[in-house]
Participant: 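Pasting in a structure now, in structure tokens, and then I'll have a few things to ask.
As a basis for the values below, the full set of heavy atoms in this structure was taken, side chains included, without hydrogen atoms, waters or symmetry mates.
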Amino acid sequence: MLTGTMRTLAFLFLFLAYGRTFAQDIVSDVTSNDIAAMESRSAGLRLRPSALKVLASNNFDVKYYRCQWEVDPAVNYIKGVVTPHFVMTSAGNTITLDLANALTVSSVQQHGSNVAFTHAGDALTITLQGPLSTGVKDSITISYEGTPPATNGTFVSTTHGSPAKPVMWTLSEPYGSRDWWPCKNGLDDKADSVDIYITHPSAYKAASNGLLKSETALAGSKIRTHWKHRYAIASYLVAFAVTNYNVLNNSVMIGGTSVPFVTYCYPESQFNFQGGVQNALNAMVQFSNLFGDYPFKNEKYGHVQFGWGGGMEHQTCSFMVNMAETLIAHELAHQWFGNKVTCGSWQDIWLNEGFATHLASIYMEAKYPANTQTRRVIEINNITSVADGSVWVDNVNDVNRIFSNRLTYLKGSHLLYMLRWILGDATFFTAVNNYLSDPALAYGYATTSQLKSHLENASGKDLTYFFNQWFTGQGHPSYQVEWYPTTSSVQVKLSQTQSHASVGFFQLPVPLLFRNTSTNQQKLVIFNNTTNGQVFFDNLGFEANEVIFDPDAWLITANNTLTKISGPLPVTFSQFEVECNRGSARLSWQTSEEVNADYFEILASKDARQWEPLGTVRAQGNSKVTNDYTVNVEASRGYRYYRIKEYDVDGQTQQTRIVTATCSNEGEGITLFPNPVHSSLRIETFDQKSLAEPVSIQSISGKMFPVKENYGAGTGRQKSIDVSDLPVGLYILAIRQGGGNELKYVKFLKE
């Protein structure tokens with residue numbers, strides 16, 4: 001959703017800041033910041049505190065609405081007859097709909113007969129003619145009228161142009177549908193279809209969802225306009241607008257279908273709206289190529305002009321204040337993200353707004369590639385201007401928090417940038433397409449955990465850490481980069497501080513661009529930063545005299561420092577591995593540039609959180625050559641995770657990455673090694689009376705993979721299986737011992 005206020009101060013601010021005059025329809029493009037800011041201000045006006053709670057009962061599922069409304073845009077009033085068809089999801093003799101108390105219900109009928117109802121506290125509770133069993137279909141017809149609540153901005157009657165002409169529009173997100181029609185106002189029930197009949201003065205045209213079926217002349221200089229929509233739709237996406245519109249008809253081919261593109265604009269704005277149509281058509285083709293065909297291609301897409309300072313993604317007809325290019329792309333993107341798949345909770349609103357913001361950026365970056373890095377940096381600076389804040393909405397009772405510019409829109413969008421950076425575009429777009437086409441989600445509701453599952457299934461990666469850090473976690477990292485170049489290589493130490501205590505460390509692949517400005521040589525190196533103070537080495541092939549942090553602005557970071565040091569870093573861990581050796585864990589590591597090192601401490605853990613020291617190894621000295629170390633440690637205490645901590649003679653420390661080996665299996669007598677594994681996974685049993693038989697391999701998402709045993713590899717109690725074809729990720733190996741029926745399950749990580 002994108003909306004905005006036309007309050008004097010807000011208008012003056014926008015005019016001074018961006019040089020726009022909406023009244024004269026002179027439009028320059030808006031930024032993502034503008035879009036979100038406009039929406040946040042307007043949302044605050046549209047909601048009274050008492051209207052936050054959804055009151056409709058959950059004992060019925062709406063299948064269809066027939067909506068008959070009579071309005072005059074010159075009069076702030078609505079008269080309506082709404083007929084919901086529904087199926088009972090649990091037995092009962094009452095159902096409750098959301099409807100504002102400001103509207104008067106004259107009757108409720110079932111099968112042509114009046115039934116009892118109560119209307120209080122914005123809830124319309126209807127007593128049915130008799131109890132209905134689960135699964136029974138029925139319908140009721142509600143007749144009502146009145147002036148919708150004036151303070152919420154959900155139902156507006158005003159004027160446009162000169163001389164002034166009356167205009168009326170609706171705008172319901174997040175909780176405003178109840179202000180002008182009886183419905184289920186929550187994020188849990190989409191109607192499968194709607195028919196909308198709008199009776200209005202014949203001097204005007206009425207725009208709404210779906211396909212225009214008829215405009216029928218009535219007595220008294222009135223017209224009844226019929227719109228038919230046969231896709232599932234959330235109540236807040238139902239809308240209409242009435243004024244003296246000019247109608248512009250275009251079309252675009254999407255997936256072999258000619259999709260009507262219909263624009264309803266004020267006569268004085270026709271030049272601007274017609275001029276923006278081609279941008280919208282281009283964006284529709286681009287988004288359809290990336291995310292599948294436009295979701296409502298069997299009906300239409302179009303724009304409807306209204307007087308709010310932004311836009312709103314009503315299904316098949318986005319309401320627009322003007323045709324700014326980013327606004328066009330943002331609202332169109334919502335047809336996939338927000339309309340086809342709708343967030344199942346306002347806590348997950350970023351699934352609508354973060355994606356729409358990101359798709360608008362994709363559009364702008366494709367059309368104006370030279371501006372890409374600048375746009376990203378401006379948005380990152382906005383995100384990091386405050387130290388706290390999560391993408392997850394922690395207070396759905398605060399509409400300004402739901403539609404937070406900084407968090408819901410921008411941080412949500414840049415969360416997606418980082419997922420693209422970590423997973424790669426091919427995997428990311430595959431996962432998102434799977435999410436959009438998932439039969440359980442398409443034309444329904446979704447949560448962040450369901451998007452996460454699709455990302456994990458496509459990538460083979462466990463992304464729990466990422467969503468803990470960037471979705472529910474708050475803040476951002478600041479990196480301290482120390483680098484030491486030689487004639488052909490570079491050593492780098494990555495340290496970070498965090499802006500908020502909710503995240504102890506942000507795990508990211510960090511890009512550094514090394515350059516030699518004299519020879520015009522450069523190389524982008526990506527360091528997979530998994531621990532604080534991690535040291536890396538790369539053979540550049542030239543001597544760097546400059547380094548640029550995250551040159552393409554993929555990461556949410558701030559206040560990073562780059563320090564070129566005059567001597568080599570104390571220790572470079574060039575290798576660290578672990579393998580099992582008959583109940584023991586054999587740790588081996590290799591160092592280079594071992595300057596100022598004193599000793600190494602061996603750390604082990606059962607959960608990768610609480611670490612225990614197992615002993616120390618003295619460093620071999622201030623050597624600048626490769627040094628190798630090997631240590632066996634007892635694994636019988638249930639340790640699964642290992643790392644090495646190096647101590648300098650001056651007391652400074654650094655640590656290796658964490659490696660995993662299940663060497664004891666807590667008494668089960670089964671060992672997997674190496675773990676993590678690249679290609680060949682060995683299985684060993686300590687029980688001389690039984691052999692271990694690998695049965696199946698299952699990913700953490702539940703996908704099964706065949707076991708490819710390396711016959712002849714390993715003897716006696718040892719077997720070997722080929723896992724080279726498995727995608728990177730965490731797996732569970734099912735093992736049967738000694739020919740018995742009992743299966744044991746052991747985890748391993750494929751690198």
Side-chain angles (χ1 to χ4, degrees), residues 2 18-22 24-32 34-35 38 205 207 209-212 241 245-340 355-372 375:
L2 306 182
Y18 302 107
R20 302 190 193 101
T21 309
F22 289 130
Q24 296 178 4
D25 219 18
I26 299 171
V27 180
S28 60
D29 191 41
V30 296
T31 68
S32 299
D34 302 333
I35 290 172
M38 288 188 293
K205 290 190 175 293
N209 312 94
L211 282 173
L212 178 63
Y245 284 121
N246 282 0
V247 181
L248 312 176
N249 289 289
N250 295 272
S251 64
V252 59
M253 290 297 297
I254 299 294
T257 300
S258 180
V259 180
F261 199 101
V262 186
T263 301
Y264 282 72
C265 62
Y266 303 157
E268 66 270 21
S269 303
Q270 179 168 332
F271 177 80
N272 167 246
F273 270 73
Q274 182 64 68
V277 166
Q278 190 58 53
N279 290 329
L281 299 179
N282 294 342
M284 180 176 283
V285 172
Q286 181 186 13
F287 294 164
S288 294
N289 289 336
L290 282 173
F291 301 105
D293 289 353
Y294 168 63
F296 311 102
K297 70 177 186 177
N298 293 328
E299 294 190 355
K300 76 164 191 310
Y301 184 65
H303 295 132
V304 177
Q305 189 172 7
F306 75 151
W308 212 271
M312 173 62 207
E313 68 275 10
H314 296 130
Q315 200 152 298
T316 72
C317 56
S318 292
F319 283 21
M320 310 284 285
V321 67
N322 58 43
M323 294 294 273
E325 200 162 4
T326 303
L327 187 63
I328 289 171
H330 184 109
E331 299 304 340
L332 174 60
H334 271 307
Q335 303 301 314
W336 284 264
F337 298 95
N339 296 7
K340 180 181 181 181
F355 265 103
T357 303
H358 193 72
L359 265 66
S361 293
I362 288 175
Y363 169 84
M364 297 298 286
E365 289 177 9
K367 189 169 182 179
Y368 309 103
N371 299 334
T372 294
R375 288 175 65 92

Participant: Determine whether the side chains of Gln278 and Asn282 contain a donor N or O and an acceptor N or O closer than 3.5 Å.
Facilitator: yes

Participant: Determine whether Ser251 and Pro260 make a side-chain contact, defined as any pair of heavy atoms from C-beta on separated by less than 4.5 Å.
Facilitator: no

Participant: At what distance, to the nearest 0.5 angstrom, does NE2 of His330 lie from OG1 of Thr326?
Facilitator: 10.0 Å

Participant: Between Phe273 and Tyr266, is any pair of side-chain heavy atoms under 4.5 Å apart?
Facilitator: no

Participant: If we only count heavy atoms from C-beta on, is the Phe271 to Met323 side-chain gap below 4.5 Å?
Facilitator: no

Participant: For residues Ala241 and Val304, report the shortest heavy-atom separation together with the two atoms involved.
Facilitator: CB-CG1, 3.9 Å

Participant: Please table the atom pairs, donor to acceptor, closer than 3.5 Å between any side-chain atom in residues 290-301 and protein atoms at least two apart or in another chain.
Facilitator:
| unit_1 | atom_1 | unit_2 | atom_2 | d |
| --- | --- | --- | --- | --- |
| Asp293 | OD2 | Lys297 | NZ | 2.7 |
| Tyr294 | OH | Lys300 | O | 2.6 |
| Lys297 | NZ | Gly255 | O | 3.4 |
| Asn298 | ND2 | Tyr231 | OH | 3.3 |
| Glu299 | OE1 | His229 | ND1 | 2.5 |
| Glu299 | OE2 | Arg230 | N | 2.7 |
| Lys300 | NZ | Ser208 | O | 3.0 |
| Lys300 | NZ | Gly210 | O | 2.6 |
| Lys300 | NZ | Thr316 | OG1 | 3.3 |
| Tyr301 | OH | Ser318 | OG | 2.7 |

Participant: Side chains of Leu332 and Leu359: closer than 4.5 Å at any heavy-atom pair?
Facilitator: no

Participant: Looking only at heavy atoms, which two atoms of Gln335 and Gln315 are closest? And how far apart?
Facilitator: OE1-CA, 3.8 Å

Participant: To the nearest 0.5 Å, how far apart are CE in Met312 and CZ in Phe319?
Facilitator: 9.5 Å

Participant: Quick one: does Gln305's side chain have a donor or acceptor within less than 3.5 Å of a partner on Met320's backbone?
Facilitator: no

Participant: Give the C-alpha distance, both sets of side-chain angles, the deciding distance and a yes or no for side-chain contact (heavy atoms from CB on, under 4.5 Å) between Leu248 and Val262.
Facilitator: CA-CA 6 Å; Leu248 312 176; Val262 186; over 6 Å; no

Participant: I want to check something: taking the side chain as every heavy atom from C-beta on, are Glu325 and Tyr363 in contact at a cut-off of under 4.5 Å?
Facilitator: yes

Participant: Considering all heavy atoms of both residues, which atom of Asn279 and which atom of Lys367 are nearest to each other, and what is their separation?
Facilitator: OD1-NZ, 3.0 Å

Participant: Give, for atom CZ of Phe337 and atom CZ of Phe355, the distance between the pair rounded to the nearest 0.5 Å.
Facilitator: 5.0 Å

Participant: Do Asn371 and Met364 come within less than 4.5 Å of each other through their side chains, counting heavy atoms only?
Facilitator: no

Participant: What I'd like to find out is whether the side chain of Asn250 reaches to under 4.5 Å of the side chain of Gln274, using heavy atoms alone.
Facilitator: yes

Participant: Counting only N and O atoms by type, is there a donor-acceptor contact under 3.5 Å from the side chain of Thr257 to the main-chain atoms of Met253?
Facilitator: no

Participant: I'd like to check Val285 versus Ile254 (side-chain heavy atoms, cut-off strictly below 4.5 Å). Are they in contact?
Facilitator: yes

Participant: Please check if the distance between the ring centroids of His303 and Phe261 is under 6.0 Å.
Facilitator: yes

Participant: At their closest point, which heavy atom of Trp336 faces which heavy atom of Met284, and how far apart are they?
Facilitator: CH2-O, 4.2 Å

Participant: For the side chain of Asn209 and the backbone of Cys317, is there at least one donor-acceptor N/O pair under 3.5 Å apart?
Facilitator: no

Participant: Please enumerate all residues that pass salt bridge (Lys or Arg N to Asp or Glu O under 4.0 Å) together with Lys205, with sequence neighbours excluded.
Facilitator: Glu215

Participant: To the closest 0.5 Å, what do you measure between CD (Glu365) and OG1 (Thr372)?
Facilitator: 4.0 Å

